[in-house]
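See below for the structure under consideration.
All of these numbers come straight from a predicted model, not from anything done at the bench.
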Amino acid sequence: GRICFAAHFLMAKAAPKTRPTPSFELVQEGNTDADRHWTIKRLPSELSFDEGFFLSVRAIQTLVSKNQRVIVVGIAGPSGAGKTSLALRISEVLRGTTILSMDNYLDSTRKVINDNFDDSRLFDFELLVKNVTDLKSGKSADTPLYDFRRSGRYAY
């Protein structure tokens, strides 16, 4: 019995320390009253999915309460990193959210080099910027839909 007790005790003593709760920092930007708005400093890159989710939701809710304009949130990461999953989960909590997936902005007329679908030259940034600008100004936007099986856009 002593060995089990000692092993249990040692394991408890060696338990890892808890990580500090992640937080975000608000920053006011803009030079004129008309242009002044709040943003969030870049969030730490080493967060678990749940930490990133909860911190993102809190940060977006704070921005919505402080700004009188459309909030644009960018989620970055390589293919398969969970960007779409995170965006979908955030949109379940924050109703009225529009998700623009970068996958839909792939331009099938551009050649993939070395099977690198993360190559920024493959994306139609001109259309993405137009869509974001339209949405920010309250207009509707014809956003593309990309089908990987067909290797191209099939609708707007």
Give every donor-acceptor pair under 3.5 Å between a side-chain atom in residues 81-89 and any protein atom, sequence neighbours left out.
unit_1	atom_1	unit_2	atom_2	d
Lys83	NZ	Gly77	O	3.0
Lys83	NZ	Pro78	O	2.8
Arg89	NH1	Asp50	OD1	3.4

With a 4.5 Å limit on heavy-atom distance, are the side chains of [X] and [Y] in contact?
X     : Y      : result
Thr62 : Leu26  : yes
Gln28 : His37  : no
Thr98 : Leu135 : yes
Val73 : Ser56  : no

Open item on the list: Tell me which pairs pass side chain to side chain donor-acceptor pair (under 3.5 Å) where either residue lies in residues 120-135, with sequence neighbours left out.
Closed with: Tyr105-Asn131, Asp119-Arg121, Asp124-Arg153, Lys130-Asp134
Task: side chain to side chain contact (heavy atoms under 4.5 Å, CB included) involving Leu94 - partner list, sequence neighbours excluded - done: Val57, Ile60, Gln61, Ile90, Thr97
Task: side chain to side chain contact (heavy atoms under 4.5 Å, CB included) partners for Val27, two or more places apart - done: Glu29, Thr39, Lys41
Could you give the distance from [atom1] ([X]) to [atom2] ([Y]), rounded to the nearest 0.5 Å?
X      : Y      : atom1 : atom2 : answer
Thr143 : Ile99  : OG1   : CD1   : 11.5 Å
Asn104 : Phe123 : CG    : CZ    : 10.5 Å
Tyr146 : Met102 : OH    : CE    : 12.5 Å

Open item on the list: Please determine whether side chain to side chain contact (heavy atoms under 4.5 Å, CB included) holds for the pair Leu55 and Arg58, giving the CA-CA distance in whole Å, both sets of side-chain angles, and the decisive distance to 0.1 Å.
Closed with: CA-CA 5 Å; Leu55 188 60; Arg58 280 196 0 244; 3.9 Å; yes
Task: Chi angles and distances behind the side chain to side chain contact (heavy atoms under 4.5 Å, CB included) call for Ile40, Glu25 - done: CA-CA 6 Å; Ile40 300 280; Glu25 184 180 341; over 6 Å; no
Task: Inter- and intrachain pairs under salt bridge (Lys or Arg N to Asp or Glu O under 4.0 Å), touching residues 70-82, at least two apart - done: none
- [ ] Kindly write out the residues that satisfy ring pair (Phe, Tyr, Trp, His ring centres under 6.0 Å) with Phe53, not counting sequence neighbours, or none if the list is empty.
- [x] none
Task: Joint cluster assignment, Leu100 & Phe125, ILVMFWY side-chain distance < 4.5 Å - done: yes
- [ ] Identify whether Val93 and Phe54 are in the same connected component of the hydrophobic contact network (ILVMFWY, side-chain heavy atoms under 4.5 Å).
- [x] yes
